[in-house]
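All remarks here apply to the structure that follows.
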Amino acid sequence: MAEKEKSLNFIEHIVEEDLVAGFSKKQLRFRFPPEPNGYLHIGHASSICLNFGLGLRYDAPVNLRFDDTNPAKEEQEFVDAIKEDVEWLGFHWDKECYASDYFQQLYDWAIELIKAGKAYVESQPSEKIAAQKGTPTEAGTNSPFRDRPIAENLELFQKMKEGAFPEGSHVLRAKIDMASPNMLMRDPVMYRILHRAHHRTNTDWCIYPLYDWTHGESDYIEQVSHSLCTLEFAPHRELYDWFLDQVVSPEDVRPKQREFARRNLSHTVVSKRKLLELVQQGVVEGWDDPRMPTISGLRRKGCTPEALRNFADTIGIAKRENVVDVAVLDFHMREDLNKIAPRVMAVLDPVKVIISNYDTDKEEWLEAENNPENPEAGFRKIPFSKELYIERDDFRESANRKFFRLKLGGEVRLKNAYIIRAEEVRKDSEGNILEIICTYDPLSKSGSGSPESLRKVKGTLHWVSCKHAVDAEVRLYDRLFTDPTPDQHTGRDFIEFINPDSLKIVEGKLEPGLKTAAPGARYQFQRLGYFCVDKSSGPEQLVFNRTVTLRDTWAKIEEKA
RNA sequence: UGGCCCAUGGUGUAAUUGGCAACACUACUGAUUUUGGUUCAGUCAUUCCAGGUUCGAGUCCUGGUGGGCCAACCA
């Protein structure tokens, strides 16, 4: 109830119009149709959220269909990865389908087309076919095989299927219109010969249907009502409809193709080719490198499915060119993580603080709140002692009043602990700060309720007790490219815009409770950002990935100065 | 013989289908805060241009301008 009346996107308007025009809501069905030739990226996430979102909105089934018509590129590994990603996003498909399940049906229909004089076997090489296709402004010319007798077409096609011919020797073409202003209608190829094993049909077939002949018919077989794809397929719609015309029965649902603009994310690239290049050149460590815009990369970085879904929902869907600022994704990750991530303390660039008036052997276990946004998250104990680490950035020998942190003679609150004052600084011969000597106010203990504890001091710092700290490798990820649109500069390669500082690895000091943090667990390192335990992490070597920093208004003030 | 698609703040989407241009992000102010986080309050547009229809146009019409897609036996 009380759910906000959300405005509809143009696809939802189309569905609503169909419903008003009498299309039965029960017959609505959608599909997400990836080719299993690579990993899913954030662009696919939008499409997944669109299709499965429609399914949820209309209580309609959504199929997961693998468009596996090209055995040269497809592998079972990708099928598995895609299923994992869709599930991780939190969606449930109705049927798990494969275009390869329809090879026989497609073949039977193709024979009908041949018999109807609407398809023929072409026996020229591909270069010849391309040359005869014409150009967008010039009509093509008919193939010399275009009027081959039906019986001969049937016989040749049969032999193609039986493996009698080498690759490239023949194809099956639809006989449409070599003068069509739409290049795709100029007798498109329906089948090619490929003597390759398919990851599902193995060597059952050596002729494989092409996209156009497969996609619409697969939608029809599955009785998909609305077949949504990206804008570059818009010219395919005419062909999609032509192929459908050849097979549909009036009593069945006739699928409808509609196109939307793919989402582009700033400071990254999303084409499979370019992502592959990043992997192959070793710019990143793999498809699930946390800097990759792949779903697996985002997952490994610590992004939540909730954040990704909210991101997809707020950027919406439309038909115009777009570049979504990656800041929107960051916002949604912070928004979700702020609610669910337990707070902990970690020092990533440590400098030692020595509390001169604290007993050398003393240690106290102080109470710390796990998440101020969620009281039910409770409290934990953290150790305090004479020697602590704080962030090197959090101390200056002198600074103006805008600097809320520790400076000589100044006071600061140690989060969940005491108020301290910096008295003295010890340096090495080169002037590097080795340790900061402080005194603490024993009455100022957090939560004690004493007047001293209630004193307002401007800054609060995070810290970790030296002797209790656990070490961890912390990987600080930043955007992969320095330019918002690395692949949109004519004459310049996107690789030129790689951010040389996209990964910085540091040794951090963490509060001891993190010793047993399990891979995948997410935390907020207070005042720093959100971090996720990497899959490679273990008790002997902890590894954390930075998901996203906290908003940092201090950094902006500094930048301006 | 070219065809098709698109144009609304810095960014991404809305606009009851012809009726006060709204939401989110970013940026900037300020308040609160034992995270310079969170939260709260506020600021930032004459809808690509020119005509037309209309009491009334972001929306409809005409003509421009600018951008995108299409000539794999890829999807």
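Below, chains carry the letters A, B, ... as their sequence lines are ordered, and counting in each starts from 1. Treat the numbers as computed from the prediction; the structure is a model and nothing was measured.
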Donor on one side chain, acceptor on other, [X] and [Y], under 3.5 Å:
X: A/His170; Y: A/Glu122; answer: no
X: A/Thr230; Y: A/Glu232; answer: yes
X: A/Arg31; Y: A/His215; answer: yes
X: A/Glu222; Y: A/Tyr102; answer: yes

Exercise. Using the ring of each side chain (for Trp, its six-membered ring), is A/Phe531 parallel, tilted or perpendicular to A/Phe525, with breaks at 30° and 60°?
Worked result: parallel

Exercise. Using the ring of each side chain (for Trp, its six-membered ring), is A/Phe494 parallel, tilted or perpendicular to A/Phe481, with breaks at 30° and 60°?
Worked result: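 A/Phe494 vs A/Phe481 ring planes: tilted.
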
In whole angstrom, what separates [X]'s [atom1] from [N]'s [atom2]?
X: A/His198; N: B/rA75; atom1: NE2; atom2: P; answer: 10 Å
X: A/Glu12; N: B/rA15; atom1: CD; atom2: C1'; answer: 15 Å
X: A/Ile129; N: B/rA71; atom1: CD1; atom2: P; answer: 15 Å
X: A/Glu16; N: B/rU16; atom1: CD; atom2: P; answer: 14 Å
X: A/Met178; N: B/rC70; atom1: CE; atom2: P; answer: 19 Å

For this session: Give every residue pair that meets the salt bridge (charged side-chain N to carboxylate O under 4.0 Å, His left out) criterion with at least one member in residues 187-199 of chain A, sequence neighbours excluded.
Result: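 As it turns out, the salt bridge (charged side-chain N to carboxylate O under 4.0 Å, His left out) pairs with a partner in residues 187-199 of chain A, which skip direct neighbours, are A/Arg146-A/Asp187.
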
Pair assignment for [N], Watson-Crick or G-U wobble, requiring both distances under 3.5 Å:
N: B/rA22; answer: B/rU13
N: B/rG2; answer: B/rC70
N: B/rA7; answer: B/rU65
N: B/rU39; answer: B/rA31
N: B/rC60; answer: B/rG52

Exercise. NA contact type, A/Asn322, heavy-atom cut-off 4.0 Å: base, sugar-phosphate, or nothing?
Worked result: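 Contact class for A/Asn322: sugar-phosphate only.
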
Exercise. Using a cut-off of 4.0 Å on non-hydrogen atoms, how would the nucleic acid contact of A/Gln124 be classed: base, sugar-phosphate, or nothing?
Worked result: base

For this session: Could you check A/Gly168 against A/His332 and say which one's nearest nucleotide on RNA chain B is further toward the 5' end?
Result: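 Checking each residue's closest nucleotide, the 5'-ward one belongs to A/His332.
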
Measuring from the side chain of [X] (C-beta onward, heavy atoms only), which nucleotide among [options] has the closest atom?
X: A/Ala327; options: B/rA75, B/rU26, B/rG68; result: B/rU26
X: A/Leu231; options: B/rC69, B/rA75, B/rC5; result: B/rC5
X: A/Val171; options: B/rA71, B/rC73, B/rG2; result: B/rC73
X: A/Phe331; options: B/rU26, B/rA75, B/rC70; result: B/rU26
X: A/Glu232; options: B/rC69, B/rG68, B/rC74; result: B/rC69

Using OP1 and OP2 only, check whether a side-chain N or O of [X] sits under 4.0 Å from [N].
X: A/His13; N: B/rA15; value: yes
X: A/Arg192; N: B/rC74; value: yes
X: A/Thr69; N: B/rA75; value: yes
X: A/Lys556; N: B/rA27; value: yes

Exercise. With a 6.0 Å cut-off on ring centres, are A/Tyr440 and A/Tyr418 close enough?
Worked result: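 Yes, the ring of A/Tyr440 comes within the 6.0 Å limit of the ring of A/Tyr418, centre to centre.
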
Exercise. B/rU17: syn or anti, with syn meaning chi within 90° of zero?
Worked result: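 In terms of base orientation relative to the sugar, B/rU17 is syn.
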
For this session: Kindly label the base of B/rA72 as syn or anti, based on whether its glycosidic torsion lies within 90° of 0.
Result: syn

For this session: May I ask you to verify whether the side chain of A/His236 and the base of B/rA75 hold a donor-acceptor pair under 3.5 Å?
Result: yes

Problem set entry | Reading 5' to 3' through nucleotides 29-37 of chain B, protein heavy-atom contacts under 4.0 Å coded B for base, S for sugar-phosphate only, - for none | S----BBBB

